[in-house]
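Computed over heavy atoms, backbone and side chain alike; hydrogens, waters and symmetry mates excluded. Letters A, B, ... mirror the listed sequences (proteins, then strands); counts begin at 1.
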There are 2 protein chains.
Amino acid sequence: MKYSHKLSDAIHILAFVDIFQGGDVSSTMIASSIESNPSLVRRLMSQLAKADLLITRPGVSAASLARPAETISLLDVYRAIDDSQQLLHVDPKTSMACPVGRNIQATLDGVYDRVQQAAEAEMANVSLAEIIQDLQAKINA
Amino acid sequence: MKYSHKLSDAIHILAFVDIFQGGDVSSTMIASSIESNPSLVRRLMSQLAKADLLITRPGVSAASLARPAETISLLDVYRAIDDSQQLLHVDPKTSMACPVGRNIQATLDGVYDRVQQAAEAEMANVSLAEIIQDLQAKINA
DNA sequence: ATCGGTGTTACAATTTAAGTCACAAGTTAC
DNA sequence: GTAACTTGTGACTTAAATTGTAACACCGAT
(Lines give C-alpha, C1' and ligand atoms only; values in the text may rest on other atoms or scores of the structure.)
Protein backbone atom coordinates (compact mmCIF):
# COMPACT_ATOMS: atom_id res chain seq x y z
CA MET A 1 0.00 0.00 0.00
CA LYS A 2 2.74 2.38 -0.78
CA TYR A 3 1.00 4.01 -3.72
CA SER A 4 -1.45 6.53 -2.40
CA HIS A 5 -5.18 5.98 -2.86
CA LYS A 6 -6.14 9.16 -1.09
CA LEU A 7 -7.48 10.79 -4.23
CA SER A 8 -9.52 7.73 -5.13
CA ASP A 9 -10.88 7.46 -1.61
CA ALA A 10 -11.74 11.15 -1.54
CA ILE A 11 -13.72 10.87 -4.76
CA HIS A 12 -15.36 7.75 -3.35
CA ILE A 13 -16.46 9.76 -0.32
CA LEU A 14 -17.86 12.63 -2.36
CA ALA A 15 -19.75 10.29 -4.67
CA PHE A 16 -21.06 8.25 -1.76
CA VAL A 17 -22.28 11.32 0.09
CA ASP A 18 -24.08 12.59 -2.98
CA ILE A 19 -25.64 9.29 -4.01
CA PHE A 20 -26.80 8.34 -0.53
CA GLN A 21 -27.85 11.87 0.40
CA GLY A 22 -30.45 11.62 3.14
CA GLY A 23 -29.36 8.12 4.09
CA ASP A 24 -26.57 7.00 6.39
CA VAL A 25 -23.46 8.94 5.41
CA SER A 26 -21.52 8.41 8.63
CA SER A 27 -17.77 7.89 8.51
CA THR A 28 -18.34 4.31 9.63
CA MET A 29 -20.74 3.59 6.77
CA ILE A 30 -18.44 5.17 4.19
CA ALA A 31 -15.46 3.32 5.63
CA SER A 32 -17.22 0.01 5.06
CA SER A 33 -17.78 0.95 1.41
CA ILE A 34 -14.12 1.85 0.99
CA GLU A 35 -13.10 -1.14 3.12
CA SER A 36 -11.04 1.15 5.23
CA ASN A 37 -11.49 2.62 8.69
CA PRO A 38 -13.61 5.49 9.94
CA SER A 39 -10.64 7.47 11.16
CA LEU A 40 -9.10 7.66 7.71
CA VAL A 41 -12.43 8.63 6.21
CA ARG A 42 -12.91 11.40 8.75
CA ARG A 43 -9.45 12.73 8.04
CA LEU A 44 -10.18 12.90 4.31
CA MET A 45 -13.60 14.43 4.94
CA SER A 46 -11.95 17.02 7.11
CA GLN A 47 -9.56 17.93 4.28
CA LEU A 48 -12.44 18.11 1.81
CA ALA A 49 -14.35 20.36 4.18
CA LYS A 50 -11.35 22.67 4.57
CA ALA A 51 -11.18 22.93 0.77
CA ASP A 52 -14.86 23.91 0.67
CA LEU A 53 -15.92 20.86 -1.24
CA LEU A 54 -17.87 19.17 1.52
CA ILE A 55 -19.99 20.42 4.39
CA THR A 56 -19.61 18.52 7.62
CA ARG A 57 -20.82 19.21 11.11
CA PRO A 58 -19.19 18.01 14.30
CA GLY A 59 -21.18 15.35 16.07
CA VAL A 60 -23.77 14.79 13.38
CA SER A 61 -23.45 12.51 10.39
CA ALA A 62 -25.07 14.64 7.72
CA ALA A 63 -22.34 15.48 5.26
CA SER A 64 -23.26 17.00 1.93
CA LEU A 65 -21.52 18.53 -1.07
CA ALA A 66 -20.66 22.18 -0.53
CA ARG A 67 -21.35 22.95 -4.19
CA PRO A 68 -23.28 21.31 -7.03
CA ALA A 69 -21.37 18.30 -8.37
CA GLU A 70 -21.20 20.01 -11.78
CA THR A 71 -18.95 22.69 -10.31
CA ILE A 72 -16.53 20.37 -8.54
CA SER A 73 -13.69 19.16 -10.74
CA LEU A 74 -11.25 16.33 -10.27
CA LEU A 75 -8.59 19.02 -10.03
CA ASP A 76 -10.39 20.57 -7.05
CA VAL A 77 -10.31 17.24 -5.25
CA TYR A 78 -6.69 16.63 -6.23
CA ARG A 79 -5.65 20.00 -4.88
CA ALA A 80 -7.56 19.39 -1.67
CA ILE A 81 -5.99 16.01 -1.03
CA ASP A 82 -2.58 15.64 -2.60
CA ASP A 83 0.22 16.67 -0.30
CA SER A 84 3.03 17.25 -2.76
CA GLN A 85 0.86 18.68 -5.57
CA GLN A 86 3.31 17.03 -7.95
CA LEU A 87 2.90 13.95 -10.11
CA LEU A 88 6.60 13.71 -10.92
CA HIS A 89 9.42 14.39 -8.51
CA VAL A 90 12.86 15.85 -9.06
CA ASP A 91 15.72 14.22 -7.20
CA PRO A 92 16.48 16.85 -4.55
CA LYS A 93 19.97 15.57 -3.84
CA THR A 94 22.38 15.88 -6.77
CA SER A 95 26.01 16.89 -6.73
CA MET A 96 26.63 20.62 -6.91
CA ALA A 97 30.21 19.79 -7.85
CA CYS A 98 29.08 18.41 -11.23
CA PRO A 99 27.78 20.68 -14.00
CA VAL A 100 24.99 18.25 -14.74
CA GLY A 101 24.11 17.61 -11.11
CA ARG A 102 24.12 21.34 -10.41
CA ASN A 103 21.66 22.21 -13.18
CA ILE A 104 19.51 19.16 -13.73
CA GLN A 105 17.04 20.08 -11.00
CA ALA A 106 16.08 23.39 -12.57
CA THR A 107 15.83 21.80 -15.99
CA LEU A 108 13.61 19.00 -14.78
CA ASP A 109 11.47 21.41 -12.80
CA GLY A 110 10.61 23.14 -16.07
CA VAL A 111 9.91 19.93 -17.94
CA TYR A 112 7.86 18.34 -15.17
CA ASP A 113 5.86 21.50 -14.86
CA ARG A 114 4.71 21.15 -18.45
CA VAL A 115 3.55 17.60 -17.79
CA GLN A 116 1.85 18.73 -14.60
CA GLN A 117 0.01 21.49 -16.48
CA ALA A 118 -1.23 19.03 -19.08
CA ALA A 119 -2.44 16.59 -16.45
CA GLU A 120 -4.12 19.32 -14.41
CA ALA A 121 -5.84 20.73 -17.48
CA GLU A 122 -7.42 17.34 -18.07
CA MET A 123 -8.32 16.99 -14.39
CA ALA A 124 -10.07 20.33 -14.60
CA ASN A 125 -12.15 18.89 -17.44
CA VAL A 126 -13.55 16.08 -15.33
CA SER A 127 -16.43 17.03 -13.07
CA LEU A 128 -17.67 15.13 -10.07
CA ALA A 129 -21.10 15.14 -11.71
CA GLU A 130 -19.65 13.25 -14.64
CA ILE A 131 -18.10 10.67 -12.31
CA ILE A 132 -21.34 10.23 -10.40
CA GLN A 133 -23.30 9.85 -13.65
CA ASP A 134 -20.92 7.19 -14.86
CA LEU A 135 -21.20 5.46 -11.51
CA GLN A 136 -25.01 5.58 -11.58
CA ALA A 137 -25.06 4.17 -15.09
CA LYS A 138 -22.91 1.25 -13.99
CA ILE A 139 -25.03 0.71 -10.88
CA ASN A 140 -28.22 0.60 -12.95
CA ALA A 141 -26.73 -1.78 -15.48
CA MET B 1 5.68 6.44 -8.34
CA LYS B 2 4.53 8.87 -5.77
CA TYR B 3 7.78 9.95 -4.23
CA SER B 4 10.19 8.13 -6.50
CA HIS B 5 12.88 9.98 -8.38
CA LYS B 6 13.87 7.09 -10.59
CA LEU B 7 12.70 8.97 -13.66
CA SER B 8 14.77 12.00 -12.71
CA ASP B 9 17.82 9.84 -12.12
CA ALA B 10 17.32 8.03 -15.42
CA ILE B 11 17.20 11.32 -17.32
CA HIS B 12 20.25 12.45 -15.35
CA ILE B 13 22.10 9.34 -16.53
CA LEU B 14 21.15 9.80 -20.18
CA ALA B 15 22.10 13.47 -20.14
CA PHE B 16 25.37 12.73 -18.35
CA VAL B 17 26.33 10.01 -20.79
CA ASP B 18 25.63 12.26 -23.74
CA ILE B 19 27.34 15.36 -22.37
CA PHE B 20 30.44 13.55 -21.15
CA GLN B 21 30.65 11.24 -24.15
CA GLY B 22 34.22 10.07 -24.51
CA GLY B 23 35.02 10.90 -20.88
CA ASP B 24 34.45 8.83 -17.76
CA VAL B 25 30.88 7.57 -17.87
CA SER B 26 31.30 4.74 -15.38
CA SER B 27 28.51 3.92 -12.96
CA THR B 28 30.70 5.20 -10.14
CA MET B 29 31.26 8.57 -11.82
CA ILE B 30 27.56 8.98 -12.62
CA ALA B 31 26.63 7.92 -9.08
CA SER B 32 28.75 10.73 -7.69
CA SER B 33 26.91 13.24 -9.89
CA ILE B 34 23.54 11.90 -8.71
CA GLU B 35 24.89 11.55 -5.17
CA SER B 36 23.71 8.00 -5.11
CA ASN B 37 25.47 4.67 -5.45
CA PRO B 38 26.88 2.79 -8.42
CA SER B 39 24.56 -0.16 -7.96
CA LEU B 40 21.44 1.94 -8.32
CA VAL B 41 22.91 3.60 -11.39
CA ARG B 42 23.74 0.25 -12.95
CA ARG B 43 20.22 -0.96 -12.30
CA LEU B 44 18.74 2.04 -14.06
CA MET B 45 21.24 1.81 -16.90
CA SER B 46 20.32 -1.82 -17.31
CA GLN B 47 16.64 -0.89 -17.60
CA LEU B 48 17.45 1.85 -20.11
CA ALA B 49 19.52 -0.61 -22.13
CA LYS B 50 16.65 -3.13 -22.17
CA ALA B 51 14.38 -0.38 -23.49
CA ASP B 52 16.86 0.33 -26.30
CA LEU B 53 17.61 3.83 -25.12
CA LEU B 54 21.17 3.21 -23.99
CA ILE B 55 23.96 0.99 -25.20
CA THR B 56 26.04 -0.58 -22.48
CA ARG B 57 28.71 -3.24 -22.59
CA PRO B 58 29.54 -5.61 -19.77
CA GLY B 59 32.89 -4.92 -18.22
CA VAL B 60 33.61 -1.69 -20.04
CA SER B 61 32.45 1.77 -19.07
CA ALA B 62 31.59 3.19 -22.45
CA ALA B 63 27.85 3.75 -22.39
CA SER B 64 26.25 5.80 -25.14
CA LEU B 65 22.79 6.72 -26.32
CA ALA B 66 21.23 4.05 -28.49
CA ARG B 67 19.53 6.67 -30.65
CA PRO B 68 20.01 10.39 -31.35
CA ALA B 69 18.76 12.47 -28.41
CA GLU B 70 16.22 14.11 -30.73
CA THR B 71 14.42 10.80 -31.11
CA ILE B 72 14.26 9.93 -27.40
CA SER B 73 11.26 11.39 -25.63
CA LEU B 74 10.54 11.81 -21.95
CA LEU B 75 7.75 9.29 -22.49
CA ASP B 76 10.25 6.71 -23.72
CA VAL B 77 12.26 7.12 -20.53
CA TYR B 78 9.14 7.07 -18.37
CA ARG B 79 7.96 3.83 -19.99
CA ALA B 80 11.38 2.28 -19.53
CA ILE B 81 11.59 3.14 -15.85
CA ASP B 82 8.20 3.40 -14.21
CA ASP B 83 6.96 0.13 -12.78
CA SER B 84 3.27 0.85 -12.42
CA GLN B 85 2.97 2.97 -15.58
CA GLN B 86 0.34 4.97 -13.72
CA LEU B 87 0.50 8.45 -12.27
CA LEU B 88 -2.76 8.05 -10.33
CA HIS B 89 -3.81 4.92 -8.52
CA VAL B 90 -7.24 3.43 -7.97
CA ASP B 91 -7.94 1.95 -4.55
CA PRO B 92 -7.91 -1.77 -5.35
CA LYS B 93 -9.82 -2.77 -2.23
CA THR B 94 -13.38 -1.46 -2.09
CA SER B 95 -16.51 -3.20 -0.90
CA MET B 96 -18.27 -5.32 -3.50
CA ALA B 97 -21.31 -5.28 -1.21
CA CYS B 98 -21.84 -1.57 -1.84
CA PRO B 99 -23.07 -0.24 -5.20
CA VAL B 100 -20.54 2.58 -5.07
CA GLY B 101 -17.67 0.39 -3.88
CA ARG B 102 -18.47 -2.20 -6.55
CA ASN B 103 -18.34 0.26 -9.45
CA ILE B 104 -16.00 3.06 -8.43
CA GLN B 105 -12.89 1.26 -9.60
CA ALA B 106 -14.07 0.94 -13.20
CA THR B 107 -15.25 4.55 -13.20
CA LEU B 108 -11.97 5.86 -11.85
CA ASP B 109 -9.99 3.70 -14.26
CA GLY B 110 -11.66 5.56 -17.10
CA VAL B 111 -11.13 8.98 -15.60
CA TYR B 112 -7.52 8.38 -14.61
CA ASP B 113 -6.82 7.05 -18.05
CA ARG B 114 -7.80 10.39 -19.56
CA VAL B 115 -5.40 12.20 -17.23
CA GLN B 116 -2.69 9.67 -18.01
CA GLN B 117 -3.19 10.18 -21.74
CA ALA B 118 -2.87 13.95 -21.36
CA ALA B 119 0.29 13.62 -19.29
CA GLU B 120 1.82 11.09 -21.67
CA ALA B 121 1.02 13.24 -24.68
CA GLU B 122 3.01 16.06 -23.12
CA MET B 123 5.83 13.70 -22.17
CA ALA B 124 5.98 12.58 -25.78
CA ASN B 125 6.49 16.23 -26.72
CA VAL B 126 9.64 16.57 -24.65
CA SER B 127 12.81 15.23 -26.24
CA LEU B 128 16.00 14.33 -24.48
CA ALA B 129 17.77 16.69 -26.90
CA GLU B 130 15.66 19.54 -25.57
CA ILE B 131 16.56 18.65 -21.99
CA ILE B 132 20.25 18.44 -22.81
CA GLN B 133 20.13 21.78 -24.64
CA ASP B 134 18.48 23.43 -21.68
CA LEU B 135 21.08 21.89 -19.42
CA GLN B 136 23.95 23.07 -21.62
CA ALA B 137 22.53 26.57 -21.69
CA LYS B 138 22.41 26.63 -17.90
CA ILE B 139 25.92 25.20 -17.66
CA ASN B 140 27.31 27.87 -19.98
CA ALA B 141 25.54 30.66 -18.13
C1' DA C 1 46.55 -13.07 -15.34
C1' DT C 2 45.27 -9.20 -12.95
C1' DC C 3 42.57 -5.23 -12.20
C1' DG C 4 38.61 -2.65 -12.71
C1' DG C 5 33.83 -2.33 -14.42
C1' DT C 6 29.36 -4.36 -15.39
C1' DG C 7 25.07 -7.03 -14.46
C1' DT C 8 22.47 -9.06 -11.11
C1' DT C 9 20.72 -10.67 -6.82
C1' DA C 10 19.83 -10.43 -1.97
C1' DC C 11 19.06 -7.97 1.94
C1' DA C 12 19.09 -3.79 5.14
C1' DA C 13 17.66 0.91 5.83
C1' DT C 14 14.65 4.52 5.01
C1' DT C 15 10.47 6.77 3.89
C1' DT C 16 5.60 7.48 3.44
C1' DA C 17 0.95 5.83 3.29
C1' DA C 18 -2.51 3.32 5.68
C1' DG C 19 -4.35 1.20 9.88
C1' DT C 20 -5.32 1.42 14.83
C1' DC C 21 -6.27 3.42 19.14
C1' DA C 22 -7.77 6.99 21.99
C1' DC C 23 -10.31 10.85 23.48
C1' DA C 24 -12.14 15.61 23.78
C1' DA C 25 -16.03 17.96 22.06
C1' DG C 26 -20.49 18.40 19.58
C1' DT C 27 -25.46 16.65 18.79
C1' DT C 28 -29.66 14.37 19.29
C1' DA C 29 -33.18 11.75 21.81
C1' DC C 30 -35.05 10.49 25.88
C1' DG D 1 -29.16 16.36 32.08
C1' DT D 2 -27.47 12.43 30.58
C1' DA D 3 -26.86 8.47 27.65
C1' DA D 4 -25.58 7.11 23.15
C1' DC D 5 -23.47 8.32 19.13
C1' DT D 6 -20.65 11.07 15.99
C1' DT D 7 -17.02 14.09 14.46
C1' DG D 8 -12.26 16.00 14.53
C1' DT D 9 -7.49 15.13 15.85
C1' DG D 10 -3.35 13.42 17.59
C1' DA D 11 -0.14 9.68 18.69
C1' DC D 12 1.46 5.49 17.55
C1' DT D 13 1.92 1.00 14.92
C1' DT D 14 2.03 -1.56 10.74
C1' DA D 15 2.83 -2.27 5.86
C1' DA D 16 4.74 -1.44 1.33
C1' DA D 17 7.82 0.72 -1.89
C1' DT D 18 12.11 3.13 -2.74
C1' DT D 19 16.81 3.69 -1.88
C1' DG D 20 21.22 2.08 0.07
C1' DT D 21 24.68 -1.49 0.69
C1' DA D 22 27.11 -5.57 -0.16
C1' DA D 23 28.47 -9.51 -2.63
C1' DC D 24 29.97 -11.98 -6.62
C1' DA D 25 30.13 -14.06 -11.20
C1' DC D 26 31.40 -12.45 -15.67
C1' DC D 27 33.52 -9.50 -19.23
C1' DG D 28 37.37 -6.77 -21.23
C1' DA D 29 41.56 -4.09 -21.47
C1' DT D 30 46.37 -3.69 -20.41
Review point. Of the nucleotides D/dT18, D/dT7, D/dG20, which one has an atom closest to the side chain of B/S36?
Key: D/dG20
Practice item. Using modelled atom types only, decide if a donor and an acceptor are shared between the side chain of B/N103 and the backbone of B/P99 within a distance under 3.5 Å. Key: yes
Practice item. Using modelled atom types only, decide if a donor and an acceptor are shared between the side chain of A/Q116 and the backbone of A/L87 within a distance under 3.5 Å. Key: yes
Practice item. Using a strict 4.0 Å threshold on nitrogen-to-oxygen distance, state whether A/K93 and B/E35 make a salt bridge. Key: no
Study note, to complete from the structure: Dot-bracket for DNA chain C, 5' to 3', Watson-Crick and G-U pairs with both distances under 3.5 Å, [ ] for crossing pairs, | for partner on another strand, reads ||||||||||||||||||||||||||||||
Exercise for review: Determine whether A/I34 and A/F16 make a side-chain contact, defined as any pair of heavy atoms from C-beta on separated by less than 4.5 Å.
Suggested key: no
Would you tabulate the nitrogen or oxygen pairs shorter than 3.5 Å linking the protein to nucleotides 27-30 of chain C?
unit_1: C/dT28; atom_1: OP1; unit_2: A/R57; atom_2: NH2; d: 3.2

Exercise for review: Among B/L65, B/V77, B/D76, B/L74, find the one that has a side-chain contact (heavy atoms from CB on, under 4.5 Å) with B/L128.
Suggested key: B/L65
Revision key, fill the gap. Taken to the nearest whole Å, NZ/B/K93 to C1'/D/dA16 is 13 Å
**Study point:** For A/V25 against A/S61, the heavy-atom pair lying closest together
**Key:** CG2-O, 3.9 Å
Revision key, fill the gap. When rounded to whole Å, the CD to C1' distance for the pair A/E35 and C/dA18 reads 14 Å
**Study point:** Interatomic distance, B/N37 CG vs C/dG7 C1' [rounded to whole Å]
**Key:** 14 Å
**Study point:** Donor-acceptor contact present, side-chain B/D82 to main-chain B/Y78, <3.5 Å
**Key:** no
Practice item. Check the distance between D/dT19's C1' and A/H89's NE2 and give it to me in whole angstrom. Key: 15 Å
Check your understanding: Measuring from B/I72:CD1 to B/S127:OG, what's the distance to the nearest 0.5 Å?
Key -> 9.5 Å
Exercise for review: State whether a side-chain donor-acceptor pair under 3.5 Å links A/S39 with A/N37.
Suggested key: no
Check your understanding: Could one point to a donor on the side chain of B/S39 or the base of D/dA22 with an acceptor on the other under 3.5 Å away?
Key -> yes
Exercise for review: Whole angstrom is fine here: how far is it from CE in B/M45 over to P in C/dG7?
Suggested key: 7 Å
Review point. How long is the line joining CE of B/M29 and P of C/dT6, in whole Å?
Key: 13 Å
Check your understanding: Looking at the side chain of A/T56, which of C/dG5, D/dG8, C/dA18 is the nearest nucleotide?
Key -> D/dG8
Review point. Taking N and O atoms by type only, does the side chain of B/R42 place a donor or acceptor under 3.5 Å from a partner on the base of D/dT19?
Key: no
Between the protein and nucleotides 13-15 of chain C, list the N/O to N/O atom pairs that are separated by less than 3.5 angstrom.
none

Review point. With no hydrogens and no angle check, is any side-chain donor or acceptor of A/S8 less than 3.5 Å from a backbone partner on B/H89?
Key: yes
Check your understanding: Where do B/V17 and B/A63 come nearest, in terms of heavy atoms and distance?
Key -> CG1-O, 3.3 Å
Check your understanding: Tell me, do B/N125 and A/R114 make a side-chain contact under 4.5 Å, heavy atoms counted?
Key -> yes
Check your understanding: For the pair made of CG in B/L40 and P in C/dA10, what is the distance, rounded to whole Å?
Key -> 18 Å
Point to revise | A/L54 CG - D/dT6 P separation (whole Å) | key: 17 Å
Revision key, fill the gap. Assert: residue with more 5' nearest nucleotide on DNA chain C, out of B/R43 and B/D24, is B/D24
Review point. When all nucleic acid strands are considered with a 4.0 Å heavy-atom cut-off, which category describes A/T28: base, sugar-phosphate, or nothing?
Key: nothing
